[in-house]
Amino acid sequence: MTHTITLIPGDGIGPEVTGAVLRILAATGVSFEWDRHEAGLPAFERTGKALPAELIASIRRTRIALKGPVTTPIGEGFTSVNVGLRKALDLYANLRPVWNLPGIAGRFQGVDLVIVRENTEDLYAGLEHEVIPGVVESLKIITERASTRIARFAFDYAVRHGRKKVTAIHKANIMKLSDGLFLECARTSARDYPTIAYDETIVDAACMHLVMTPEKFDVLVMPNLYGDIVSDLCAGLVGGLGVVGAANLGADSAVFEAVHGSAPDIAGKNLANPTALLLSAVMMLRHLDEPAAADRVMSALGRVLGAGQVRTRDLGGSASTSEFADALCTAIEQAGTAERT
Ligand code: NAI
């Protein structure tokens, strides 16, 4: 069977890491047809729209996209393509599993946690205005519907993946109404999942505990802004943004993307590490019900990183993006040959 997937190579290092991942996916033998679309600056310059309607239509059709990073101008210019995509397709759950990869010296070993971030509201609703000159207001939107939906997603994920505990992260001591509602929805949802333990931690304390005893956390569910910050903090526990994958999931479609940005400082130099996008692609393979291919990629990644000979610069090596992709393709093909003989 051929899987038709929308491909957004993105900009900056996007085309380099997506190119590498496409080669690695091809080595698994799974058949893909890629429907390529521009987004962000190149699309804006060509069509006046950073998030073209054809791109949204393509994902509505294929229901799955693999996405490279897209630059967002700071303080001016078009609004974030990433936020726009999540809103247009109602990709309400951002899922980031964080664990140690073989041979990668993170600050901690034994980390195995999952961040579930609400993706559609909170301060990311983009509702900002100037009240009077010198005073601006940014609205934090929290709804019962979105909070319950993300809480149930976290508990369902915990049940499906044999997890033991869900921790709700909040600041309801200060934002009693907004985070208070989020927490109330998490508590109410927890009652329907008696096999999963439930607890709550204030976001600042959670950050301290995460950088001291990350192994004590399991599934964490939180509103959008805390999720954005805490998930990067967690990536830092295991080696950084280059080694953590992510998925944006909705009821109808899913967009798999790396957690890092377009890295303009190294773009076009064949230096970027494609591992984060590859981990997102592995999540995509599982979503497509291709578990054998997903396992093959993970096993090859473990062997290449574990051997320590071929690594990109961010992981202390000297390999280029394409050399790293070559090593992975070879590892996947060798494993396939060994299986057949
Ligand atoms: P960044 O993640 O692009 O870069 C931060 C640092 O990490 C840089 O030193 C970069 O060289 C390094 N880095 C990132 N990915 C790497 C990789 N795969 N291999 C090796 N090194 C890597 O974050 P920054 O600089 O804050 O953002 C740049 C642009 O990316 C901004 O316009 C931002 O809005 C956008 N962005 C897009 C995202 C997306 O499309 N999902 C997510 C985060 C940021």
Side-chain angles (χ1 to χ4, degrees), residues 6-22 24 37-44 50-51 55 59 65-89 91 94-96 101 104 106 115 117 119 124 126 224-225 227-236 238-249 254-281 283-284 301 305 310-325 328:
T6 304
L7 179 71
I8 309 164
D11 56 58
I13 59 169
E16 298 163 66
V17 290
T18 44
V21 167
L22 258 49
I24 297 162
H37 287 267
E38 282 178 335
L41 193 59
F44 188 73
L51 189 55
L55 165 57
I59 304 178
L66 183 65
K67 176 184 164 297
V70 174
T71 302
T72 307
I74 293 176
E76 54 176 17
F78 56 80
T79 52
S80 162
V81 166
N82 306 311
V83 175
L85 258 183
R86 291 166 195 171
K87 278 193 191 159
L89 298 164
L91 302 168
N94 185 287
L95 186 67
R96 296 193 189 182
L101 285 173
I104 302 301
I115 309 274
R117 163 185 168 192
N119 232 358
Y124 286 54
N224 209 340
L225 177 63
D228 195 3
I229 298 167
V230 172
S231 53
D232 275 19
L233 179 150
C234 288
V238 296
L241 295 175
V243 292
V244 178
N248 294 292
L249 304 167
V255 175
F256 296 86
E257 65 175 342
V259 303
H260 58 72
S262 54
D265 52 334
I266 56 166
K269 297 180 179 164
N270 199 19
L271 292 176
N273 181 359
T275 301
L277 188 64
L278 184 62
L279 291 169
S280 308
M283 292 167 83
M284 182 183 81
L301 187 61
L305 290 178
V310 187
R311 286 185 185 180
T312 44
R313 272 203 336 195
D314 56 308
L315 298 181
S318 59
S320 64
T321 311
S322 40
E323 285 165 347
F324 184 70
L328 275 164

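When a residue number appears, it is its place in the shown sequence, counting from 1. Values below: every heavy atom of this structure, side chains too, minus hydrogens, waters and symmetry copies. Both ligands and their constituent atoms are indexed starting at 1 by order of listing.
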Within the 4.0 Å heavy-atom sphere of ligand 1, strictly under, residues: Ile13, Lys67, Pro69, Val70, Thr71, Thr72, Asn82, Leu241, Glu257, Val259, His260, Gly261, Ser262, Ala263, Pro264, Asp265, Ile266, Ala272, Asn273, Asp314

Counting N and O atoms only, with roles assigned by atom type, does the side chain of Asp11 sit under 3.5 Å from a partner on the main chain of Val70, one being a donor and the other an acceptor? no

Between Arg117 and Ser231 (side chain of the first, backbone of the second, donor and acceptor by atom type, cut-off under 3.5 Å), is there such a pair? no

Sorted by chain and number, sequence neighbours left out, side chain to side chain donor-acceptor pair (under 3.5 Å) with Glu257 holds for Lys67, Arg86, Asn248

Would you check if there is a donor-acceptor pair between the side chains of Asp228 and Tyr124 at a distance under 3.5 Å? yes

Which heavy atom of Thr6 sits nearest to which heavy atom of Leu55, and what is that distance? CG2-CD1, 3.8 Å

Between Ala39 and Ile8 the two heavy atoms that sit nearest each other are CB-CG2, 3.8 Å

